[in-house]
Amino acid sequence: MKPIARPVYLNLLRIHLPLTGWVSILHRVSGVLLFAALPFSVWALSVSLSGEAGFRQMADAAAHPLAKLVVVGLVWAFAHHLFGGLRHLALDVHRGTGLRTARQSSLVVILAAGLVTLAAAWRLFA
Amino acid sequence: MKSSTGAHTGTGTWLVQRATAVALAVALPGLTIHFLTALPVDFAGWQTLFVPLWVRVLLLLTMTALALHAWVGMRDIFMDYIQPVGLRLALYLAVIVTLAGCEIVMLMALWK
């Protein structure tokens, strides 16, 4: 059997990422999502504090199912970024750098972020 | 002391990212819990939440830490993936304008 040809470029569909790699790239993805959400969040806060009408407007918008879905997505982004970030800080001071512990902490980050997201979804939709 | 292997400005940037990360890891969950436990509220109640000076100062400091943190993160990403210098500079500028705008809007919303 011929071995699989080695990629000469980075084909995203053929790259197999280990768990640690997923936590790493999702840290970036979640960071970008949070950055993108920041101007809208600050604007929404500003409008909600501008007066009775602005507050009503933002409260109504936040009650929309689509807005709730966006919030759930951002809760995931925040939770993943926070837990993944704490993991990075631990790695910075040489804690958990062994392959086994690094894989385990990656799993913990993914699961913990998932749990927080589920809790938020439950709270907003149930 | 001047180093013979580069300016080492990256170390300072790295430290800013880490220091703001620690501050945000404490402040953001704390602020979230503080506000969530007060909900639901009407407009008067919502306004009251922002009256204490410490709340406003903490929010503005958090916004500042967030802006610095986001700047380093976005800059890292652009340095990794965006090769054309002109485009990268334009994106840097867009991020700076966005974050500075957030800071100003936040300041005006909290003190008016």
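With a 4.5 angstrom heavy-atom cutoff, A/L82 touches chain B only via side-chain atoms. Looking at B/W71, neither its backbone nor its side chain comes within 4.5 Å of chain A, counting heavy atoms on both sides. Contacts of B/M74 with chain A are made by side-chain atoms alone, with heavy-atom separations under 4.5 Å and no backbone atom involved. Interface remark: B/M108 contributes no atoms to any contact with chain A (heavy atom separation under 4.5 Å). Both the backbone and the side chain of B/A25 come within less than 4.5 Å of a heavy atom of chain A. If you measure heavy-atom distances from A/L34 to chain B, you find no contacts under 4.5 Å at all.
Taken together through direct or relayed side-chain contacts under 4.5 Å among Ile, Leu, Val, Met, Phe, Trp and Tyr, B/L36 and A/W76 form part of one hydrophobic cluster. Linking ILVMFWY residues whenever their side-chain heavy atoms come closer than 4.5 Å, directly or via other members, places B/I82 and B/L89 in the same cluster. Neither B/W14 nor B/Y92 shares a network with the other; the hydrophobic side chains, linked directly or stepwise wherever heavy atoms of I, L, V, M, F, W or Y lie under 4.5 Å apart, form separate groups for each. Hydrophobic clustering (ILVMFWY, side-chain heavy atoms < 4.5 Å, transitive): B/M79 and B/L93 are in distinct clusters. Cluster membership check: B/V57 shares its hydrophobic cluster with B/L60, using side-chain heavy-atom separations under 4.5 Å among Ile, Leu, Val, Met, Phe, Trp and Tyr.
The number of heavy atoms from other shown groups lying within 6.0 Å of CH2 (A/W122) does not exceed 12. Within a 6.0 Å sphere centred on CZ of A/R103, heavy atoms belonging to other residues, nucleotides or ligands number 12 at most.
The structure places CG of B/L99 at 6.5 Å from CG of A/L38, a figure rounded to the nearest 0.5 Å. For the atom pair CZ (B/R18) and CG (A/D92), the distance works out to 4.0 Å, reported to the nearest 0.5 Å. In this structure, B/C102 SG and A/F40 CZ are separated by 10.0 Å, a value rounded to the nearest 0.5 Å. In this structure, CG on A/L45 lies 7.5 Å from CZ on B/F35, to the nearest 0.5 angstrom.
Among all heavy-atom pairs drawn from B/F43 and A/S48, the shortest one is CE1-O, 3.3 Å. In terms of heavy atoms, A/L49 sits closest to B/A109 at CD1-O, 4.1 Å.
Looking only at side-chain heavy atoms (C-beta outward), A/F35 and B/L66 stay at 4.5 Å or farther from each other.
No other option in B/K112, B/H69, B/Q47 has as many heavy-atom pairs under 4.5 Å with chain A as B/K112.
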Apply side chain to side chain contact (heavy atoms under 4.5 Å, CB included) to the pair B/E103 and A/V42, showing each step before the final yes or no.
-> CA-CA 9 Å; B/E103 187 83 32; A/V42 171; over 6 Å; no
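Taking the charged nitrogens against the carboxylate oxygens, A/R28 and B/D80 do have a contact shorter than 4.0 Å, which makes a salt bridge.
Relative orientation of the A/F55 and B/W46 rings is tilted, given thresholds of 30° and 60° on the angle between their planes.
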